[in-house]
There are 2 protein chains.
Amino acid sequence: MSRNDSLDLATQLHAAAIRLLRAVRVADDETGLSAPKLSALSVLVFGGPQSLKALARAEQVTAPTMSKLVADLEAAGLAAKRADPADKRGVVIQVTAKGRALMEAGRRRRLALLQERLGRLSKAERDQLAAAAGLMAKLAQP
Amino acid sequence: MSRNDSLDLATQLHAAAIRLLRAVRVADDETGLSAPKLSALSVLVFGGPQSLKALARAEQVTAPTMSKLVADLEAAGLAAKRADPADKRGVVIQVTAKGRALMEAGRRRRLALLQERLGRLSKAERDQLAAAAGLMAKLAQP
DNA sequence: CCTAATAGTTAGTTTGACGAACTAAATAAT
DNA sequence: ATTATTTAGTTCGTCAAACTAACTATTAGG
């Protein structure tokens, strides 16, 4: 029974996470940015200026893929590249003020969407979710 | 703002869901199926036989997109289409035994990945997570 | 009936992913 | 010190998956 519990838990958690992310995805449309670009921008905002390789690893894509995403972000004035003073092969990519503002607005919309739904739950249920968020983070650790 | 307000909860839930999905995503690679096809197959397994339109709506894609996904699943012998007896325009799509077996194998691999991590939690914490999965599904409802 | 709506497919386009091949720079080896 | 190797990033070609527009076939409404 314990084995079945685990199977069910893994399946249910997986399905629930997918549905939850899908539900809030609509808020991202309004930024005018695609999900991969918005996500890369988010890493720049929260992770600070970094190399292309680091950014690619954070987003679990290859260097060429990230190279193109960054080029598009740069063309849109949302990110900027500068030479790495310590390594002339390298670049340091950072978010611009415009990029930061756009990311923040998108994030607020996404969270607003979730908050509206959170209002449907009781206080006890919200507390339960808050505790679970911590547990999920623990599960996701390597 | 309190530490436990709903903005924090929304932020934590969103981040936790993303990290959790990333952590188990590697298990799906071994199915040999892409994420969209695996996801569509999952809807067929859990939602039963249904029309292309229903499947497209469930996956939040357009009919042409789903038409191609189903065609590929059919070519791989994982799903089957039959005419809808009640509407000659319509088709009913259902998972095959092979498709069901593949989904089950994927689910087992995903669990295997999570198992070590689930072991870090107490039984009480696992119960908490299971309950939270239900709440998350509720949140995701439109 | 005939017209409008619906189910699904086909055609063409865009985006984002990859690997392979390239340039340039840094590091290791002899 | 010179050469070889590795590393960082880009460009190119290709593919999957998403969309819209337009098509066929069928059903439903006036």
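Chain naming here is simple, since letters A, B, ... match the order of the sequence lines and numbering starts at 1 in each.
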Whether [Y] and [X] form a salt bridge (side-chain N of Lys/Arg under 4.0 Å from carboxylate O of Asp/Glu) is what I want to check.
{"X": "B:Glu104", "Y": "B:Arg108", "value": "yes"}
{"X": "B:Asp84", "Y": "B:Lys88", "value": "no"}
{"X": "A:Asp72", "Y": "A:Lys68", "value": "yes"}

Rounded at 0.5 Å granularity, tell me how far [atom1] in [X] sits from [atom2] in [Y].
{"X": "B:Met136", "Y": "B:Leu13", "atom1": "CE", "atom2": "CG", "answer": "6.0 Å"}
{"X": "B:Arg117", "Y": "B:Arg120", "atom1": "CZ", "atom2": "CZ", "answer": "6.0 Å"}
{"X": "B:Gln94", "Y": "B:Arg82", "atom1": "CD", "atom2": "CZ", "answer": "4.5 Å"}
{"X": "B:Leu38", "Y": "B:Asp28", "atom1": "CG", "atom2": "CG", "answer": "5.0 Å"}

Contact pattern, 5' to 3', of nucleotides 17-30 of chain D - B, S or - by protein heavy atom under 4.0 Å:
SBBBB---BBS---
Which residue lies toward the 5' end of DNA chain C, B:Met66 or A:Met66, if each is placed at its nearest nucleotide?
B:Met66
Check whether any side-chain heavy atom of B:Ser42 lies under 4.5 Å from a side-chain heavy atom of B:Met103, and answer yes or no.
yes
Should A:Lys81 be listed as having a side-chain N or O under 4.0 Å from OP1 or OP2 of D:dT10?
yes
Answer yes or no: does a side-chain N or O of A:Ser67 lie under 4.0 Å from OP1 or OP2 of D:dG9?
no
Do A:Thr62 and A:Thr65 pair up side chain to side chain, a donor and an acceptor below 3.5 Å, judged on atom types alone?
yes
Taking A:Gly77's backbone N and O only, do any of them form a donor-acceptor pair with A:Thr96's side chain (distance below 3.5 Å, no angle check)?
yes
So if I take the C1' atoms of five pairs at each end of the helix from C:dC1-D:dG30 to C:dT30-D:dA1 and get each local axis, what angle do the two axes make, rounded to 10 degrees?
10°
Going 5' to 3' along DNA chain C, which are the first and last nucleotides with any atom under 4.0 Å from a heavy atom of chain A?
C:dG16 to C:dA26
